[in-house]
There are 2 protein chains.
Amino acid sequence: MRNNTLGSLIWLRLMRFTNQSNQMSNDFLKRFDMTTAQFDVLMQIRIYQPLTQMELAEKVTVTQGGISRMLVRLEKEGYIVRKQDWKTKTISLTDKAESILKQAMPEQLAFQSSFFEDVLNEEEQKTLYTLMTRVHKYSQKRELPPE
Amino acid sequence: MRNNTLGSLIWLRLMRFTNQSNQMSNDFLKRFDMTTAQFDVLMQIRIYQPLTQMELAEKVTVTQGGISRMLVRLEKEGYIVRKQDWKTKTISLTDKAESILKQAMPEQLAFQSSFFEDVLNEEEQKTLYTLMTRVHKYSQKRELPPE
DNA sequence: CAACATCATTTGATTAGTCAAGTTAAAAAG
DNA sequence: CTTTTTAACTTGACTAATCAAATGATGTTG
């Protein structure tokens with residue numbers, strides 16, 4: 001009874017790495033006074049705005065409830081605005097968020113990238129991306145409710 | 001100002017995948033009435049017991065405070081026992097945990113593995129593991145406090 | 001138009017984690 | 001021996017999420 005099929009070793013590596021790099025990213029983003037989760041959500045809003053909470057929840061792989069709470073925080077901080085629009089609430093960034101992102105985005109993207117660029121060459125990065133894309137896409141397919 | 005250096009695409013994939021597979025794993029482990037985080041901690045205890053909270057915290061990449069709270073929950077559920085031993089608290093599994101793990105471990109490891117085995121061949125899995133190991137190890141080196 | 005159905009969002013209870021300040025137990029110093 | 005130091009652990013205040021039950025907003029129907 002050992003802890004080591006190849007797959008389970010990969011799983012553990014991925015979990016530990018994302019966990020750790022997430023913490024480092026939180027640390028990095030302190031200079032912009034935001035967290036990794038918040039940055040992620042703001043980025044998605046920036047790309048797709050205006051959009052509804054349901055749509056946003058789906059983009060960041062979070063539940064309805066999760067996105068609701070997150071948006072309350074972001075609204076309180078003055079990063080976003082929501083307005084009731086039919087049954088739906090439509091979300092968009094404030095100028096404050098836009099201007100912070102203009103600064104934070106290139107730095108954060110460079111920070112994220114550095115984890116890979118500093119150790120892997122272009123070729124290896126492409127391989128990693130391709131493999132993870134396949135794995136991810138497959139896991140999404142699986143998620144379909146069993147009939 | 002686009003969202004796509006190769007590195008940042010990899011980062012996003014990893015985050016989304018681990019996030020999602022973690023949720024699926026939580027779902028899977030419901031049958032054993034535990035969560036992925038709990039399973040992970042119990043496994044580490046099982047391998048290294050008896051050990052201290054500090055050692056355990058380091059193994060699962062969590063803070064002192066985090067492990068303290070987690071162990072309170074696990075103790076309340078009757079999965080572990082802690083006893084004060086010198087300044088330190090020594091952690092070990094109860095029979096209850098041992099016997100649940102005996103059942104849950106092979107199933108959970110198979111579940112984790114399936115994410116990779118079902119889409120990647122042996123060769124590709126090895127490549128993925130090697131690349132992620134390099135990336136992870138490098139990120140740990142970086143973590144050293146700046147002098 | 002009041003009652004119902006429906007879809008989007010919120011909320012209460014809980015797990016999981018962070019940081020930083022507070023305890024506690026044992027050792028070293030006075 | 002009491003006092004101070006130190007290492008290990010806990011705790012308060014908080015972010016982030018989950019699930020499932022409750023609200024809100026808008027249509028539809030008797």
Side-chain angles (χ1 to χ4, degrees), chain A residues 15-16 18-30 32-42 44 50-77 79-91 143 145, chain B residues 15-16 18-30 32-42 44 50-77 79-91 143 145:
Chain A
M15 293 297 162
R16 300 278 188 256
T18 50
N19 196 20
Q20 195 192 306
S21 63
N22 208 54
Q23 280 169 232
M24 292 167 81
S25 166
N26 275 326
D27 215 58
F28 180 78
L29 285 172
K30 274 198 186 121
F32 301 110
D33 201 37
M34 57 171 75
T35 66
T36 309
Q38 291 167 355
F39 178 84
D40 188 14
V41 168
L42 290 177
Q44 295 304 311
L51 77 173
T52 70
Q53 297 195 185
M54 298 214 84
E55 289 164 344
L56 183 55
E58 221 230 312
K59 302 252 180 248
V60 293
T61 341
V62 149
T63 60
Q64 282 298 318
I67 212 70
S68 173
R69 287 175 211 282
M70 170 60 88
L71 291 176
V72 168
R73 285 188 294 265
L74 290 176
E75 197 162 45
K76 200 157 44 184
E77 301 283 333
Y79 290 129
I80 60 154
V81 177
R82 287 185 284 180
K83 64 164 193 280
Q84 190 81 29
D85 184 25
W86 198 61
K87 275 194 249 196
T88 289
K89 291 201 178 174
T90 302
I91 308 154
E143 223 194 350
Chain B
M15 292 298 160
R16 300 278 188 255
T18 50
N19 196 19
Q20 196 192 304
S21 64
N22 208 55
Q23 280 168 231
M24 292 166 81
S25 167
N26 275 326
D27 216 57
F28 179 79
L29 285 173
K30 273 198 186 122
F32 300 109
D33 202 37
M34 56 171 75
T35 66
T36 309
Q38 290 167 358
F39 178 85
D40 187 14
V41 168
L42 291 176
Q44 296 305 310
L51 77 173
T52 68
Q53 297 195 184
M54 297 215 84
E55 289 164 345
L56 183 55
E58 221 229 312
K59 303 250 181 250
V60 293
T61 341
V62 149
T63 58
Q64 280 298 321
I67 211 71
S68 173
R69 294 183 142 86
M70 170 61 88
L71 292 177
V72 168
R73 286 188 294 265
L74 289 175
E75 197 162 45
K76 200 156 45 183
E77 300 283 333
Y79 290 129
I80 61 155
V81 177
R82 287 185 285 179
K83 64 163 191 283
Q84 191 81 29
D85 183 27
W86 198 60
K87 273 194 251 196
T88 288
K89 291 200 178 174
T90 301
I91 308 154
E143 223 194 351

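Just so we're on the same page: letters track the sequence lines, and every chain starts at 1. Quantities reported herein were computed from a predicted structural model and do not represent experimental measurements.
One atom, NZ of B:K30, and another, C1' of C:dT14, lie 13 Å apart when rounded to the nearest Å. Rounding to whole angstrom units, CG of residue B:N19 and C1' of D:dA16 are separated by 11 Å. At whole-Å resolution of the value, OH in A:Y79 and C1' in D:dT15 are 14 Å apart. The distance from atom CG of B:L74 to atom C1' of C:dT14 is 15 Å, rounded to the nearest whole Å. Whole-Å rounding puts the B:K83 NZ to D:dA8 P distance at 18 Å. Across the protein-nucleic acid pair, A:M70 atom CE and C:dG17 atom C1' stand 14 Å apart, rounded to whole Å. One can place CG of B:D40 at 12 Å from C1' of C:dA16, the figure rounded to the nearest angstrom. One can place CG of B:N26 at 19 Å from P of D:dA16, the figure rounded to the nearest angstrom.
A pairwise comparison of heavy atoms in B:I91 and B:I80 identifies CG2-CD1, 4.1 Å as the closest pair.
The side chain to side chain donor-acceptor pair (under 3.5 Å) test applied to B:R82 returns B:Q53, B:E75, not counting sequence neighbours. Taking the salt bridge (charged side-chain N to carboxylate O under 4.0 Å, His left out) definition, one finds that B:R16 meets it with A:D40, sequence neighbours left out. Residues satisfying the side chain to side chain contact (heavy atoms under 4.5 Å, CB included) test with B:T36, not counting sequence neighbours, are A:W11, B:N22, B:S25, B:N26, B:L29. Not a single salt bridge (charged side-chain N to carboxylate O under 4.0 Å, His left out) links A:K83 to another residue, sequence neighbours left out. Partners of B:E58 according to the side chain to side chain donor-acceptor pair (under 3.5 Å) rule, which considers only residues two or more places apart in sequence or in another chain, do not exist here. Here A:T63 pairs with nothing under the side chain to side chain donor-acceptor pair (under 3.5 Å) rule; sequence neighbours left out. Evaluation of the side chain to side chain donor-acceptor pair (under 3.5 Å) rule for A:E77 yields no partner, not counting sequence neighbours.
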Q: Classify every nucleotide of nucleotides 5-11 of chain C by which part a protein heavy atom approaches to under 4.0 Å, writing B for the base, S for the sugar-phosphate alone and - for neither, in 5'-to-3' order.
A: -BBSBBB
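In this structure, CD in A:Q64 is found 4.0 Å from CE in A:M54, a value given to the nearest 0.5 Å.
When distances are taken from the side chain of A:T63 to each of D:dA17, D:dC19, C:dA16, the shortest belongs to D:dC19.
Each of B:V62 and B:E77 lies near DNA chain C, and the nucleotide nearest B:E77 is the one positioned closer to the 5' end.
A close approach under 4.0 Å does occur between a side-chain nitrogen or oxygen of B:Q38 and OP1 or OP2 of C:dA16.
The end-to-end axis angle of the helix from C:dC1-D:dG30 to C:dG30-D:dC1, rounded to 10 degrees and based on five pairs per end, is 30°.
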